[in-house]
Enquirer: 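Here it is: the structure, laid out below.
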Amino acid sequence: MNWKELRPQLDQLLAEKRTLKDTLSTSCLLLNQLPHWDWVGYYIAQPSSRTLHLGPYLGAPTDHTVIPYGRGICGQVAESEETYISDDVRQEGNYIACSISVRSELVAPIMVNGKFVAQLDIDSSALANFSKLDQEQAESFLRDLAQAFPISQWESLLTS
Ligand code: SME
């Protein structure tokens, strides 16, 4: 699977107007088809407590269901609100290991009207699995995903 084949599937998913939760879950299934996108999941922001909460995901279960802003790659992205790619997580000073087989990671924020609401987290068992193209395409999909639902739905994800 490559982006050229995948992007129409992601567009189709958004056009189906499923619930936000269902859309997130199904997008994990689709994104998991990319080479070595082994663990694909979303963390949802809780700005009042400055914590990230595990949302829909596909892959091995993780103990890290709640991550404070600032901790690990996910927590850093919650603060920077910028995509982060680690080519080799073993070189990271601030990293939370979910599985010892993970080698590279991509975390991209989801912004709705300039507000950080969630993030996409991808773990790969391959070193340096994520390219500039992956970053651009993931960010492009996340922009469309963000726009497809009102902010109220993003903000009620943790309670619905
Ligand atoms: N590795 C992440 C934690 C989340 S797990 O990969 C699912 C981090 O350093 O923030």
Side-chain angles (χ1 to χ4, degrees), residues 1 3 6 10 13 19-112 114-143 145-146 149 153-160:
M1 179 60 65
W3 280 105
L6 182 65
L10 292 166
L13 170 64
T19 64
L20 176 52
K21 231 174 209 167
D22 190 1
T23 302
L24 295 180
S25 306
T26 307
S27 72
C28 292
L29 280 168
L30 295 174
L31 292 165
N32 180 245
Q33 300 175 94
L34 288 164
H36 307 293
W37 284 42
D38 303 315
W39 192 98
V40 179
Y42 291 90
Y43 279 94
I44 314 302
Q46 175 98 274
S48 55
S49 55
R50 291 179 51 82
T51 47
L52 295 162
H53 297 253
L54 184 63
Y57 72 95
L58 187 71
T62 171
D63 290 340
H64 305 290
T65 54
V66 181
I67 299 176
Y69 285 19
R71 275 211 60 210
I73 295 175
C74 291
Q76 291 177 67
V77 168
E79 289 188 327
S80 70
E81 302 179 353
E82 300 281 352
T83 299
Y84 188 92
I85 291 175
S86 175
D87 285 340
D88 184 351
V89 297
R90 294 170 298 184
Q91 308 297 325
E92 298 292 335
N94 184 5
Y95 173 70
I96 306 169
C98 279
S99 151
I100 55 158
S101 61
V102 176
R103 288 293 173 269
S104 56
E105 180 157 358
L106 179 155
V107 181
I110 301 175
M111 311 293 295
V112 179
K115 197 171 169 202
F116 171 69
V117 293
Q119 62 186 203
L120 175 67
D121 178 17
I122 318 290
D123 286 355
S124 177
S125 56
L127 267 175
N129 192 52
F130 305 105
S131 64
K132 257 284 161 267
L133 178 74
D134 289 326
Q135 176 175 348
E136 283 163 16
Q137 292 291 316
E139 288 177 348
S140 162
F141 165 62
L142 294 177
R143 273 194 297 275
L145 173 66
F149 297 91
Q153 290 194 28
W154 287 99
E155 290 176 338
S156 57
L157 255 179
L158 291 174
T159 46
S160 62

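In each ligand, atom 1 is the first atom listed, and ligand 1 is the first ligand listed. Note that the structure is a prediction, hence the values are computed from the model and not measured.
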Enquirer: When you look for heavy atoms under 4.0 Å from ligand 1, do you find them on the side chain of Asp123, its backbone, both, or neither?
Expert: side chain
Enquirer: Return yes or no for this condition: an N or O of Ile96 is under 3.5 Å from an N or O of ligand 1.
Expert: yes
Enquirer: Could you identify the single nearest non-hydrogen protein atom to atom 8 (C) of ligand 1 and state the distance to 0.1 Å?
Expert: Ile73 N, 3.3 Å
Enquirer: Short question: side chain of Ser104, backbone of Asn129 - any donor-acceptor pair under 3.5 Å?
Expert: yes
Enquirer: At under 4.0 Å between heavy atoms, which part of Asp121 makes contact with ligand 1: side chain, backbone, both or neither?
Expert: side chain
Enquirer: How does Glu105 reach ligand 1, by side chain, by backbone, by both or by neither, if only non-hydrogen atoms under 4.0 Å count?
Expert: side chain
Enquirer: As an exercise, identify every atom of ligand 1 less than 4.0 angstrom from a heavy atom of Cys98.
Expert: 3 (C), 4 (C), 5 (S), 6 (O), 7 (C)
Enquirer: Quick one: nearest non-hydrogen protein atom to atom 10 (O) of ligand 1, plus distance?
Expert: Cys74 N, 2.7 Å
Enquirer: Give me the ring orientation class for Tyr57 and Trp39: parallel if the planes are under 30° apart, tilted from 30 to 60°, perpendicular past 60°.
Expert: parallel
Enquirer: Tell me yes or no: between the side chains of Asp134 and Ser131, is some donor less than 3.5 Å from an acceptor?
Expert: yes
Enquirer: Atom CG in Asn94, atom CD in Gln76: separation rounded to 0.5 Å?
Expert: 4.0 Å
Enquirer: Go through it in stages, so that I can follow the logic: the residues are Glu155 and Lys115, the test is side-chain contact (heavy atoms from CB on, under 4.5 Å), and I'd like the CA-CA distance, side-chain angles, deciding distance and then a yes or no.
Expert: CA-CA 10 Å; Glu155 290 176 338; Lys115 197 171 169 202; 2.5 Å; yes
Enquirer: Quick one: which ligand 1 atoms are inside 4.0 Å of a heavy atom on Tyr43?
Expert: 4 (C), 7 (C)
Enquirer: Does His64 reach ligand 1, in the sense of a heavy atom lying below 4.0 Å from it?
Expert: no
